[in-house]
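No experiment lies behind these values; they were computed from the predicted model shown. All heavy atoms count here, side chains included; hydrogens, waters and symmetry mates do not. Residue numbering restarts at 1 for every chain, and letters A, B, ... go by the order of the sequence lines.
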Amino acid sequence: MDERPWGATFVASGVRRGQRRYLQGVVAAAERLREAGWAFDPFVSGAITVFDSAAWSRDDVFGLFEAPSSRSLELGLEELERAGWHALFEGTTWSIGPRDEPPRGSIEQPHSWAFLAFWDWNDGWHLATPDEKATYDKECEVAFHFDLASGVAISGRYDLAACGGPDQVAMWNLPSIETLAATMGAHEAQHDFKFTWSDHLLGRRTPLRTLGGRA
Amino acid sequence: MSVMWIHQHRPRTAWYELDAEAQERLQQAWQSEVQSSLGREGTEHLGECTVRGVSRFERVSVWRFPTVAAVQDHWERLRVAGYDDWRCSENLLGVDAVPFEVGAR
C-alpha cells in the first residue's frame with residue numbers, strides 16, 4: 001500500500017475533436033474522481049484542465065493529475081479508460097508515480113501558459129559524490145529562486161521511473177513565453193542540464209469540457 | 001487485478017570499469033532485493049532474455065506484481081541498493097485491457 005499522493009501525467013498525440021459523447025463521458029468520470037479526492041489541475045483547486053500544445057508540437061495535449069494514493073490512481077485510470085479516454089485522446093502515454101517533492105510558489109491568478117518538464121538523471125549524476133550532488137542542488141536553487149520571483153508556480157515533483165516514465169516530472173505555470181525564455185536561461189547558466197536529459201512541452205490552459213469544438 | 005512489469009536494462013558506462021569483486025557485491029545486493037520481492041504474495045518473475053541484438057538495451061526481465069505500489073516498492077529497494085546508478089533502464093507497465101462501450105456512461 002502506498003499512501004503518498006500519486007501523480008499521473010498524460011501526453012496525447014491527437015484529440016478526436018467534435019466527439020461530444022466521449023468528451024461528456026470522460027468529464028463525468030473526472031468529476032466523480034474529483035469527489036474522491038483527485039486533483040485535475042496543479043494550480044487551480046477544483047478545475048479539470050488539460051494543456052493544448054497542438055499548434056507547435058507533434059503532441060496535441062497534456063495534463064498532470066494527482067490522486068490521494070496509488071490504489072486510487074490505479075482504479076481512477078481504469079475509470080477514465082472505461083469512460084472513453086482512448087476514444088477521445090489518441091496515442092496517450094501515461095506516466096505515473098508517487099509525489100516526492102511538494103508544490104512551490106503561489107500565484108493569485110492562474111496563468112494561461114504551462115510547461116511540462118520531464119527529466120532523467122544521466123550517468124554523470126549517478127556517478128557523482130553526495131558533495132557534488134549537493135553543490136549541484138544549491139546551484140539549481142539559485143535558478144529556482146529566480147523562477148519563483150518571476151511569477152512561476154511549480155507543481156509537485158513525481159518519481160516516474162518504476163512505472164515506465166523518465167525519472168521525474170513537474171509542471172510550471174508561467175505568465176508568458178518571455179518568462180519561459182528567461183527562466184530557462186537561468187537554469188542553463190546554473191548548469192542544471194549538466195546532470196539531466198530533459199524534455200519539455202509547452203501548452204495553453206484549456207478546460208477539459210471545452211476541448212470538443214468542431215471536428 | 002495485477003500488473004506486469006517489463007524491465008529493460010543495460011549497464012551504465014561506469015559498470016564496465018568496475019572490478020569483478022565490486023560487480024559481484026552489487027549483484028548480490030540486488031539479488032537480495034529480488035528474493036525479498038519474490039517472497040511477497042502475487043509477485044512472480046516470469047522470465048528473462050537478452051535483447052542486445054534487437055534493441056538499445058541488453059536484457060529484458062518480465063514480472064507480475066499485485067499492484068503498482070508493489071512495483072514502486074520493488075524499484076525503490078533496488079534503487080537504494082545502487083541499481084539505478086549502475087544500470088540504465090526503461091520500464092513498461094502492462095495492465096488488463098478495459099472494455100470501452102460506445103455510449104456507455
Side-chain angles (χ1 to χ4, degrees), chain A residues 1-4 6-8 19-22 24-29 31-32 67 69-88 93-100 120-129 133 158-167 197, chain B residues 1-18 22 26 33 37 40-42 60-63 65-105:
Chain A
M1 185 84 81
D2 194 326
E3 295 300 336
R4 292 173 286 182
W6 271 56
Q19 302 292 343
R20 286 214 64 77
R21 61 187 166 172
Y22 300 150
Q24 280 166 3
V26 169
V27 170
E31 286 170 346
R32 286 194 300 273
S69 70
S70 68
R71 191 75 187 124
S72 171
L73 186 69
E74 280 180 286
L75 294 172
L77 286 179
E78 207 181 310
E79 266 206 57
L80 288 171
E81 283 193 46
R82 203 176 290 122
W85 182 278
H86 291 287
L88 182 61
T93 301
W94 290 102
S95 300
I96 69 175
R99 196 175 78 196
D100 65 6
D120 246 0
W121 300 110
N122 63 22
D123 280 17
W125 185 86
H126 282 285
L127 267 182
T129 64
K133 287 181 185 177
Y158 302 88
D159 174 12
L160 305 177
C163 294
D167 282 333
W197 159 95
Chain B
M1 167 198 270
S2 67
V3 295
M4 288 187 69
W5 191 57
I6 297 137
H7 171 55
Q8 308 175 87
H9 59 89
R10 60 169 176 78
R12 293 190 188 271
T13 304
W15 175 261
Y16 295 100
E17 328 268 83
L18 282 181
L26 284 164
E33 294 307 335
S37 292
R40 296 166 197 220
E41 202 178 322
V60 170
S61 180
V62 185
W63 288 68
F65 285 95
T67 60
V68 297
V71 172
Q72 184 72 24
D73 177 73
H74 175 81
W75 178 255
E76 286 187 8
R77 281 184 284 107
L78 281 173
R79 193 163 57 190
V80 165
Y83 188 82
D84 196 27
D85 291 336
W86 300 102
R87 284 199 182 149
C88 181
S89 56
E90 271 181 31
N91 304 314
L92 271 179
L93 275 189
V95 296
D96 292 334
V98 171
F100 164 62
E101 289 158 19
V102 172
R105 291 258 183 261

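- Applying the side chain to side chain contact (heavy atoms under 4.5 Å, CB included) rule to A:Asp120 yields the partners A:Pro166, A:Asp167, A:Trp197; only residues at least two apart in sequence or on another chain are considered.
- Residue contact with chain A, scored on non-hydrogen atoms closer than 4.5 Å, is absent for B:Glu90.
- If you take CD on A:Glu81 and CD on A:Glu79, they are separated by 11.5 Å, rounding to the nearest 0.5 Å.
- Contact of B:Asp84 with chain A is made through backbone and side chain together, with heavy-atom distances under 4.5 Å.
- Residue B:Arg79 holds its CZ atom at 13.0 Å from CD of B:Glu33, rounded to the nearest 0.5 Å.
- Only the backbone of A:Trp121 comes within less than 4.5 Å of a heavy atom in chain B; its side chain stays farther off.
- Taking the salt bridge (charged side-chain N to carboxylate O under 4.0 Å, His left out) definition, one finds that A:Arg4 meets it with A:Asp2, B:Glu76, sequence neighbours left out.
- For A:Ile96, the part sitting under 4.5 Å from any heavy atom of chain B is the side chain, from C-beta outward, and nothing else.
- Between B:Phe65 and B:Trp5, the ring-plane angle classifies as perpendicular under the 30° and 60° cut-offs.
- Listed options B:Asp73, B:Thr13, B:Leu92 were ranked by heavy-atom pairs under 4.5 angstrom with chain A; first place goes to B:Thr13.
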